[in-house]
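Single-structure report; data block below.
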Amino acid sequence: MNIESDFLMTINGHGVTAPSRIDVVNPADGKTFALAPNCTKEQLDEAVLSARAAFPDWAARPIAERADMLKQAGEALRAHATELTQLFTREHGRPIEAARLEVLGAADWLGAASELRPPFHIVENSASQRVETRYVPLGVVCAIAPWNFPIVLAIWKIAPALLAGNTVVLKPSPFTPLCSLKLGELLREVFPPGVLNVVCGDDSLGPMMTAHPGIDKISFTGSTSTGRKVMESAASSLKRLTLELGGNDAAIVMPDVDLDAVVPQIFMGSFYNSAQVCIATKRLYVHEDIYDGVRDRLAAIARATKVGDGTEADTMLGPVQNKRQYERLLSLLRSVQESGAPILQGTEVPSNGGYFVRLTIVDNPPEESRVVQEEAFGPILPMMKFSDVDDVIDRVNRSEYGLAAAVWCKDIQRATAIAHRLETGTVWINQNLNLRPDTPFAGRKQSGFGVENGVDGLLEFMAPQSIYSALAT
Ligand code: NAD
């Protein structure tokens, strides 16, 4: 097979290769199909230096000018959507149409996020003094992204960081570097040199970035265990941090719902992107009166869902993205099988060396079992019975995580009362996975801290500066 190796990093506005490369594997067959640069320490230094050099001019431009460039960046993505989508499916595994949704969604997000503006407060404006607070950029932002939504989660960081007047060094996951490298290449035409740098490399690159003295702020999305390492590493130089970490999100299904309308939505909320979604439903609590109806409908949808190579037109869900995740899921599945909990499974999956996992619903496992307590981050969904609302809220809140949750209930007042008692940053009522550029998204507990999106998310990349002027001297 012809291995593609012409992907370049973007440093100071130039395309740059590296002395060594990392393998990029197609998860649909487990084979290396491309090589990506493995950034050296010196190249990272160069990227940070160029971001620092570009910062004063970028920060001094009017915000409307930066916003215009972000809109142009969105247009550049849209213009190359087909190419990016094909690359996305090869490196990520997600079926083509769903991959296209992420590319176009990221283009839309760039446009919408560019409309945000930081507040400006006049605290006092009297004869004797004027006190005002404005918000200023921080400097150089290090953006570290995971592999599950490689483009959109990078854009969640790049857009507000640049809009605020910072410059950026982006690092994608080594499992999905290619779309980010391509993004850097496309945006060389849009942003001045040094404003947006894209580097990539093996597991040693993230720690080099979080310890780098030239970086002012880290915006990190990934697992809770890595988030802890990032925080430790950032402590020595007191870097500002946003940590968007893991989740073990629950959904509560009340007995008054219309099962035929709701169960397909619950299925997608759990299994979309082969369940590799931080805000997917990963624990499904169903009232005992409707439990069997929900379980049987979910199992029927799983049996009708084709899991396969994302380039095939009728594939609905792709493989798991990488071998590490695949092996974790097989180990979790073995623990379920050893526990004797009943399982219901979807159709057979290809056995061609790709990282395919059969869709699995675990039927009422014990609350304390691994499959309920751990974040699966793959297509293994435990569903549990409940009879008492106080009890189910307690079980949902007992998790160490606090990212998002869903309540399915016709009675909106009752659903809202339940939502108010859930210890998560987001709650959906009779919907799922809905996020907006103008609305804050934040985790609680071990799901991290800080905010992405909305004006609160923009302010994560800014610092308040209060100016006191004595007027009557
Ligand atoms: P991960 O923590 O393994 O990796 C995330 C990123 O951190 C990658 O770019 C990786 O190369 C980098 N990294 C690894 N070690 C590092 C270190 N020591 N210092 C700095 N960077 C380092 O996570 P993942 O497997 O890529 O992503 C899956 C996890 O991300 C899941 O737990 C999921 O819930 C979480 N996630 C959270 C959100 C959210 O918004 N809260 C969104 C998506 C994914």
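Read the numbers this way: they start at 1 and go in the same order the structure lists the ligands and their atoms.
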Inset, instruction - May I ask you to decide whether Arg328 forms a salt bridge with Glu374, counting only side-chain N to carboxylate O separations under 4.0 Å? - result: yes

Legend entry - Location of contacts on Ile144 toward ligand 1, heavy atoms closer than 4.0 Å: side chain

Inset, instruction - Measure Val230 to ligand 1 on non-hydrogen atoms and call it side chain, backbone, both or neither using the 4.0 Å cut-off. - result: side chain

Inset, instruction - Classify the contact between Ser233 and ligand 1 as side chain, backbone, both or neither, using a heavy-atom distance cut-off of under 4.0 Å. - result: neither

Legend entry - Residues Arg52, Asp45: salt bridge by 4.0 Å N-O rule: no

Legend entry - Protein contact of atom 10 (C) of ligand 1 - nearest heavy atom, named by residue and atom, plus distance: Lys171 NZ, 3.7 Å

Inset, instruction - Applying side chain to side chain contact (heavy atoms under 4.5 Å, CB included), run through Val263 and Val253 and close with a yes or a no. - result: CA-CA 10 Å; Val263 174; Val253 192; over 6 Å; no

Inset, instruction - Heavy-atom distances under 4.0 Å are what count here, so tell me which part of Asn148 touches ligand 1: side chain, backbone, both or neither. - result: side chain

Legend entry - Test of ring centre spacing under 6.0 Å for Trp156 and Phe149: no

Legend entry - Exercise: identify the closest heavy-atom pair between Lys282 and Phe377: NZ-CD1, 3.9 Å

Legend entry - Criterion side chain to side chain donor-acceptor pair (under 3.5 Å) on Asn453 and Arg436, from CA distance to verdict: CA-CA 7 Å; Asn453 309 331; Arg436 302 165 49 115; over 6 Å; no

Inset, instruction - Counting heavy atoms only, name the option from Cys278, Ala154, Ser173 that's nearest to atom 36 (N) of ligand 1. - result: Cys278

Inset, instruction - Please report the closest heavy-atom contact between Ile63 and Pro118, naming both atoms and the distance. - result: CD1-CD, 3.7 Å

Inset, instruction - Determine, for Glu460 against Arg240, whether the closest basic-nitrogen to carboxylate-oxygen distance falls under 4.0 angstrom. - result: no

Legend entry - Pair Lys171, Ser180: side-chain N/O donor-acceptor within cut-off below 3.5 Å: no

Inset, instruction - For atom 35 (C) of ligand 1, find the nearest protein heavy atom and state the residue, atom name and distance (0.1 Å precision). - result: Gly222 O, 3.2 Å

Inset, instruction - Using a 4.0 Å heavy-atom cut-off, say whether Phe175 meets ligand 1 through its side chain, its backbone, both or neither. - result: neither

Inset, instruction - Show your working on side chain to side chain donor-acceptor pair (under 3.5 Å) between Ser233 and Lys239 and close with a plain yes or no. - result: CA-CA 9 Å; Ser233 166; Lys239 291 186 180 68; over 6 Å; no

Inset, instruction - Do me a favour and list the nearest non-hydrogen protein atom to atom 26 (O) of ligand 1 with residue, atom name and distance? - result: Trp147 CD1, 3.0 Å

Legend entry - Trp147 and Phe175 aromatic ring geometry - parallel, tilted or perpendicular at 30°/60° bounds: perpendicular

Inset, instruction - Would you mind checking if Glu97 and Arg100 are paired as a salt bridge, meaning a charged N to carboxylate O distance below 4.0 Å? - result: yes

Inset, instruction - Could you tell me whether Glu4 and Arg90 have a side-chain N and a carboxylate O separated by less than 4.0 Å? - result: yes

Inset, instruction - Among all protein heavy atoms, pick the one closest to atom 21 (N) of ligand 1 and tell me residue, atom and distance. - result: Gly206 CA, 3.5 Å

Legend entry - N or O pair under 3.5 Å between Ala145 and ligand 1: yes

Legend entry - Which residue and heavy atom of the protein sit nearest atom 32 (O) of ligand 1, plus the separation: Glu375 OE1, 2.8 Å

Inset, instruction - For atom 13 (N) of ligand 1, grab the closest protein heavy atom and report residue, atom and distance to one decimal in Å. - result: Thr226 CG2, 3.7 Å

Legend entry - Carboxylate-amine/guanidinium proximity below 4.0 Å for Arg398 and Glu367: no

Inset, instruction - Of the side chain and backbone of Leu403, name the one, both, or neither that has a heavy atom under 4.0 Å from an atom of ligand 1. - result: side chain

Legend entry - Heavy atom of the protein closest to atom 41 (N) of ligand 1 (residue, atom name, distance): Leu245 O, 2.7 Å

Inset, instruction - Could you pull out, from Pro177, Ser223, Pro207, the option with a heavy atom nearest to atom 29 (C) of ligand 1? - result: Ser223

Inset, instruction - Under 4.0 Å from a heavy atom of Leu153: give me the atoms of ligand 1 that qualify, with their elements. - result: 42 (C), 43 (C)

Inset, instruction - Any atoms of ligand 1 less than 4.0 Å from a non-hydrogen atom of Pro172? List them with their elements. - result: 9 (O)

Inset, instruction - Report yes or no: does a heavy atom of Phe149 sit under 4.0 Å from some atom of ligand 1? - result: no

Inset, instruction - Note the single closest protein heavy atom to atom 28 (C) of ligand 1, along with its residue, its atom name and the distance in Å. - result: Phe377 CE2, 3.6 Å

Legend entry - atom 4 (O) of ligand 1 touched by protein (heavy atom, under 4.0 Å): no

Inset, instruction - Say whether Pro174 and ligand 1 are in contact under the criterion: heavy-atom distance to a ligand atom below 4.0 Å. - result: yes

Legend entry - Proximity of Arg324 to ligand 1 by residue part, where a heavy atom lies under 4.0 Å: side chain

